Amino acid sequence: MRIHFTKMHGLGNDFMVIDAVRQDVHITSDMVQAWGDRHFGIGFDQLLIVEPPTRPEVSFRYRIFNADGDEVEQCGNGARCFAAFVAREGLTSSSVISVETAGGIIELHLQDDGMVRVNMGVPRLQPTDVPFKAENFQPLYRVTLDDDPEHSVELSAVSMGNPHAVLLVDDVDSGLVPVLGPLLESHEAFPARVNVGFLQIINRQVGRLRVYERGVGETLACGSGACAAMVAARLQNKLDTHATLQLNGGELTLSWAGEGHPVYMTGPATFVFDGTVDWEEGQDG
Ligand SMILES: N[C@H](CCC[C@H](N)C(=O)O)C(=O)O
């Protein structure tokens with residue numbers, strides 16, 4: 001089977017995008033892991049599959065697979081690339097696109113300046129919705145590491161459809177990310193594992209963010225992570241309603257009017273190349 005794909009990225013968070021509207025593609029975890037390998041495959045953080053809608057109120061369904069092969073609920077940078085992809089491919093003629101993901105329905109707006117503005121939906125803060133093991137919602141939780149009460153961190157737990165832990169830190173380049181990222185990503189307090197964001201507040205309109213992603217490791221940018229960080233910072237009154245988050249791959253602009261309101265994220269989507277890949281049924285990685 002020869003499959004056509006497009007390589008894209010959102011601020012360096014990179015994707016293999018497959019049109020499963022006009023191609024008959026059935027993705028398996030083995031395919032994702034084989035193609036995601038940066039030496040023996042194509043290489044990506046996530047694989048995005050564009051499918052016909054399963055509900056009348058949306059134009060498409062879009063599925064997201066982490067490089068480790070697991071299907072996940074949401075991908076903000078990927079959503080912007082999805083929108084640019086379906087527009088370039090002529091799969092839509094509208095500049096406003098509603099799409100269904102496993103984490104809920106989001107709405108994308110292709111702007112005249114080439115940026116994509118995404119309504120990422122209303123963040124979910126109840127621990128059971130993240131999911132996170134806590135009795136009830138708090139803006140900040142204390143989580144013990146290595147079962148050592150002396151070794152703990154404070155974090156916020158936010159779902160953007162996918163789970164996020166957000167830590168406010170004094171310096172994102174202080175070496176915490178490679179140490180705490182893996183520890184928290186698979187911490188037993190997060191039954192579905194978790195994306196771990198490290199946010200340094202520069203001022204009330206600017207933050208620096210690094211994200212150690214569930215199933216991938218640290219990426220150059222994370223859109224849903226930026227939304228979760230915005231929510232966590234606003235819950236602690238550290239950022240204003242509109243803010244810019246600086247990630248290693250570039251900047252995203254975020255807006256959140258508070259609980260019960262959606263988070264809006266605006267940023268770029270970049271095409272890199274088009275390609276084809278062959279896969280035989282029964283082939284392993
Ligand atoms: N890079 C994506 C996040 C992917 C989330 C995935 N790592 C998960 O397990 O939820 C973004 O821009 O939102």
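Just follow the structure's listing: the first ligand is 1, and inside any ligand the first atom is 1. No experiment lies behind these values; they were computed from the predicted model shown. The first residue in the sequence is number 1, and the count goes up from there.
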Query raised in the report: So, D146 side chain and D148 main chain: donor-acceptor pair closer than 3.5 Å or not?
Result: no
**Report entry** Heavy-atom nearest neighbour in the protein, as seen from atom 4 (C) of ligand 1, with distance rounded to 0.1 Å
**Finding:** E213 OE1, 3.2 Å
Query raised in the report: So which heavy atom in the protein is nearest atom 5 (C) of ligand 1, and how far is it from that ligand atom?
Result: N162 ND2, 3.3 Å
Report task. Decide yes or no for V72 and F65: does some side-chain heavy atom of the first lie under 4.5 Å from some side-chain heavy atom of the second? Result -> no
Query raised in the report: Should G215 be listed as contacting ligand 1, given a heavy-atom distance under 4.0 Å as the test?
Result: no
Requested in this report: Just let me know how T219 lines up against ligand 1, side chain, backbone, both or neither, with a heavy-atom cut-off below 4.0 Å.
Outcome: neither
Query raised in the report: Is a side-chain donor or acceptor of R214 paired with a backbone partner of A192 at a separation under 3.5 angstrom?
Result: yes
Query raised in the report: atom 10 (O) of ligand 1: which protein heavy atom is closest, and how many Å away?
Result: N195 ND2, 2.9 Å
Query - Separation between CG of L252 and CZ of R80, rounded to the nearest 0.5 Å - result: 5.0 Å
Query raised in the report: Are the side chain of H187 and the backbone N or O of T144 linked by a donor-acceptor pair below 3.5 Å?
Result: yes
Query - Side chains of V169 and L199 in contact at under 4.5 Å (non-hydrogen atoms) - result: no
Query raised in the report: Got an N/O contact under 3.5 Å between G76 and ligand 1?
Result: yes
Query raised in the report: Side chains of R208 and D171: closer than 4.5 Å at any heavy-atom pair?
Result: no
**Report entry** For Q46, atoms of ligand 1 separated by under 4.0 Å from a heavy atom
**Finding:** 1 (N), 4 (C), 6 (C), 7 (N)
Report summary line: shortest atom 13 (O) of ligand 1-to-protein heavy-atom contact is with S224 OG, 2.5 Å
**Report entry** Protein residue, atom and distance nearest to atom 9 (O) of ligand 1, heavy-atom basis
**Finding:** R214 NE, 2.6 Å
Requested in this report: Please state which part of N77 comes within less than 4.0 Å of ligand 1, counting heavy atoms only: side chain, backbone, both or neither.
Outcome: both
Report task. Would you please determine whether R193 falls within less than 4.0 Å of ligand 1 on a heavy-atom basis? Result -> no
**Report entry** Side-chain heavy atoms of L155 within contact of L184, under 4.5 Å
**Finding:** yes
Requested in this report: Report yes or no: does N66 have a heavy atom closer than 4.0 Å to ligand 1?
Outcome: yes
Report summary line: closest protein heavy atom to atom 12 (O) of ligand 1 is G223 N, 2.7 Å
Report summary line: Note: ligand 1 atoms sitting under 4.0 Å from heavy atoms of N13 are 1 (N), 2 (C), 11 (C), 12 (O)
**Report entry** Criterion side chain to side chain donor-acceptor pair (under 3.5 Å) against R63, the qualifying member of E100, E71, E73
**Finding:** E71
Query raised in the report: Which ligand 1 atoms are under 4.0 Å away from a heavy-atom of Q74?
Result: 4 (C), 5 (C)
Requested in this report: Just say parallel, tilted or perpendicular for the rings of F82 and Y62, cut-offs at 30° and 60°.
Outcome: parallel
Query raised in the report: Who's the nearest protein heavy-atom neighbour of atom 2 (C) of ligand 1, and how far?
Result: C75 SG, 3.3 Å
